[in-house]
Amino acid sequence: MTDILDAADASAPVTLDEIPREPTQDGPKVRLYLIDGSGFIFRAFHALPPLTRKSDGLPIGAVSGFCNMLWKLLVDMKASDEAPTHLAVVFDKSEQTFRKDLYADYKAHRPPPPEDLVPQFPLVREATRAFGVPCLELSGYEADDLIAAYACKVRDLGGEVVIVSSDKDLMQLVGPQVSMLDTMKNVKIGPEQVVEKFGVPPEKVVDVQALCGDSVDNVPGAPGIGIKTASALILEYGDIDTLLARAGEIKQQKRRETLINFADQIRLSRELVRLDCDTPLPEPIDSLAVQEPGPELAAFLEDMGFRTLARRITDAKSGAGAPATPTAEAKAPARPQHGAIDVNAYQCVRDVETLDAWIARARTAGIVAFDTETDALSSASAELCGVSLAVAPGEACYIPVGHQHESDGGLDFEAKEHLEQIPCEEVIARLKPLLEDPSVLKVAQNAKYDMAVLSRYGIEVGPIEDTMLISFVLEGGLHKSHGMDELSKRWLEHEPISFKTVAGTGKGQKSFKHVALSEATCYAAEDSDVTLRLYEHLRPRLAHEGLLGVYETVERPMPKVLADMELAGVKVDPEQLRILSNDFSVRMAELETKAHELAGRPFNLGSPKQIGEILFAEMGLSSGKKTATGAMSTDASLLEDLAAQGHELPRTLLDWRQLSKLKGTYTDNLIEAISPKTGRVHTSFSLAAATTGRLASSDPNLQNIPIRTEEGRKIRRAFIAEPGHVLISADYSQIELRLLAHIGDIPQLKRAFAEGLDIHAMTASEMFGVPVEGMPAETRRRAKAINFGIVYGISAFGLSNQLSIPREEASAYIKTYFERFPGIRSYMDRMQQQVRAEAFVTTIFGRKVHIPAARGKSQAERSFADRAAINAPIQGAAADVIRRAMIRMPGALEKAGLQARMLLQVHDELVFEAPEAEADRVIEVAKQVMERAAEPAISLSVPLVVEARAAANWDDAH
DNA sequence: ACACTCACG
DNA sequence: GACGTACGTGAGTGTA
């Protein structure tokens, strides 16, 4: 049997006795992990639904959660390159501690633990021991004190300590050898994070906590002083004693009085929060050496009935002995290839000679990572504050161009930093040849943004690569975000300075141009440095993993295309929207009055909770349907049902909701979104949001402008063209079903598309054996719903819901469908097999879509993965097709001598703006490019068909 | 911060 | 046969 908990390095077991003789020269000999047991228990208890043991009904939810968390932690720790040599779980022993003697009300407000949890405390200790992990506890002391004592001891002996907890009270212990690990958020807490939280370094945390107190533990502190004030005071005066001694000097009267009057209470609070390193150690450190679980673990899990975990542990043990697979090797975080990142090593460039020197270095290197700093988020309006460059790992600079002092409201005698900078035009003029030089490769993180900003300064950056897109191509679906901070933490094991730390947060956030140059240099140059390092790390994997083609053809060209679309924006008529908004307001008020009358009392129509109370409790209507959390659902389909039964209030609510949605989400916000600079609306397209490769649009989202209802279409009519111009909408007809026909190789579908038949009618005809001529509309509607359902990974439940038919009937439809189209069944089976084996699927263009849920614990999760695996190759191929069209479009329009511009993409639709006279030719070019977009990569066995129309507004162009 | 609802493909 | 249920998004509001 392989040792699960074996340390990563295979060095012989080390005892603490060796430490004093051989302190730290060869790296830490002891790395002790201290797990905050109480924290784990409460998290496990609250995160999980109540669970009882089958045999006797004993509550074991928290035990189960605790075991899973502990196991995961053990596995993760072992895999990390900071594997523990020693390990223990620390528990609170008793309520009565020395702090209660100091202050009777300490933790007085804390409610007793839930009844269900109490019997689980001893079980959790038993579980810990079963895992081969020692439990530490001591009468009269809290877990925190024991953690402190062990941490101090190991630290003083030259070892390392990792405290697994998110409790802020433990942050005072953090230091060069002591860190914390928050396993929920999966973040490491070092001195930097402590400063972020408390505004002071770890050694001052106690002083800050003494001042601000803690309502949870009922530590009094000083009334009216919060964390902000506390850290400011401590930073100024150094510590509590000095502060209290000099309290009389404080200018603010109230604060001065508080400090003087509550001096004793503050000193007491300090004693309450200070952790005692002199707490006796119940066990010698040597006895905490990591050991593998014995046979009692299996027995314990069996006894509890934790079958899944038991199986996982057995699997891990049998698998761990085998040599690492190549994939596992490729995924293992590689060691950073360069030295550590030192933010103080960067240069601030403020004269032309230095700038030219950096530009020369970039040319010699042939590669430069860069990043723009601006004063706003929208690339269409943001002003440049500076540019950073990195020419090699660790060699980076920041060139400020727009930094200013914050406008001073009064007299300020502090010496102001000199803000002499190279004039912006000068910097732009010198950077332009470099950034446009075809022989120098540029690298950026989210290049689209920087390209859009610089384009407004006359620079067309190229050639360029994008680390965010490289990450997305490699690992799309594996992570929520491909932002730089995450990538840096993941691959470089380095946490970059957060924007919040330099610019502040909330309404006190300052524009980047007001950030001091020294700080701005650290932050900005670090971004370029990190980007370059990420590029060097990630880029080789593209070829290695067969993803270079996807990256080069459908990812890398996109930032330029999208930057131009975003900068172009779309014209929206604010007058029309204002009229609509007023109209909606009036009608909403009428509906509200009516709803209140029908309900017999006033209520908030926007509150699902109140609606539920009125409809179900007061009016006694039946609902049945519940939301995910068990609350009564009041969604549209349910209200529709009730309205159909003849009730008036649901109808009124539906009407109000529609208007409320339209007004709140569209009319009012679209007016605000109009840029004062351009008079147009500039969305932001995200390339790395949807795992299938679809784009996403935000700020504002222009991919969900209403179209399905008449009222909604009025909003679409406010999207217009410049005078003398038209909007052109070109959309793929049935692209997903066509791609399914090709991918799944379905003869009937292919034939129907080749002959240009009505695909839904054809489906209905095949399924129900009725001729297309004279087919009832309802029959076709059902077939249409089935076709959509197929693309989504159909289920009887989903279809019955969609069509409001009994599940048995839906089931029968699906059965018939699979009989008529057996190819679809086999496509679905193939995707399910693939995703269960590999946890990813690919599109015909080679895009890889990771679906980690396929490895999920629950059946439900895996079923979800199956459906996603059926959908992703279809949705993803459609996304690839339209990307290919978009990439070719600007060139095709230009080649045809047209001025038309592409403005928007809505998944299967492209929107253009063109001079009226060009309309017909633009339609011709757009159709051709779009219909041939799959070529030459893929020769589709079905035709792609595009319908296009020109009109004065977006609605009429459909 | 999260749940709910709803706009789109 | 059990399991929760159609796939992919972004945004506003209410509620804790």
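Because only heavy atoms are used, hydrogens play no part in the values below, and waters and symmetry mates are left out as well, while side chains stay in. Below, chains carry the letters A, B, ... as their sequence lines are ordered, and counting in each starts from 1.
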Just checking [X]: base, sugar-phosphate only, or nothing, at a heavy-atom cut-off of under 4.0 Å?
X        : answer
A:Ile705 : sugar-phosphate
A:Ala785 : base
A:Phe788 : nothing
A:Arg657 : sugar-phosphate
A:Asp699 : sugar-phosphate
A:Ala636 : sugar-phosphate
A:Ala878 : nothing

Sticking with atom [atom1], work out how far [N] lies from [M], rounded to a whole angstrom.
N     : M     : atom1 : result
B:dA7 : C:dC3 : P     : 34 Å
B:dC6 : C:dG4 : C1'   : 22 Å
B:dA3 : C:dT5 : P     : 14 Å

Consecutive Watson-Crick or G-U pairs in runs of at least 3, all under 3.5 Å, in which DNA chain C is involved: B:1-9 with C:7-15

Assess the side chains of A:Ser379 and A:Lys448: does a donor N or O sit below 3.5 Å from an acceptor N or O?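 There is no such pair (donor and acceptor under 3.5 Å, judged by atom type) between the side chains of A:Ser379 and A:Lys448.
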
A:Thr763 side chain to A:Asn787 side chain, donor-acceptor N/O pair below 3.5 angstrom: yes

Does A:Lys663 make a cation-pi contact with A:Phe584, if we ask for NZ or CZ under 6.0 Å from the ring centre and within 45° of the axis?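 Not satisfied by the 6.0 Å and 45° rule.
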
I'd like to know if A:Arg867 reaches the base of C:dG8 with its side chain such that a donor and an acceptor end up less than 3.5 angstrom apart.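 Check fails, no donor-acceptor contact within cut-off.
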
Looking only at N and O atoms, is any donor in the side chain of A:Arg807 or the base of C:dT5 less than 3.5 Å from an acceptor on the other one? yes

Less than 4.0 angstrom between a side-chain N/O of A:Lys609 and OP1 or OP2 of C:dA16, yes or no?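 For C:dA16, OP1 or OP2 has a side-chain N or O of A:Lys609 closer than 4.0 Å.
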
Please check if the side chain of A:Ser697 supplies one atom and the backbone of A:Leu702 the other of a donor-acceptor pair under 3.5 Å. yes

Picking from [options], which would you name as closest to the side chain of [X]?
X        : options              : answer
A:Ala631 : B:dC4, C:dT15, B:dG9 : B:dC4
A:Tyr792 : B:dG9, C:dC3, C:dG10 : B:dG9
A:Lys661 : C:dA11, B:dG9, B:dC4 : C:dA11

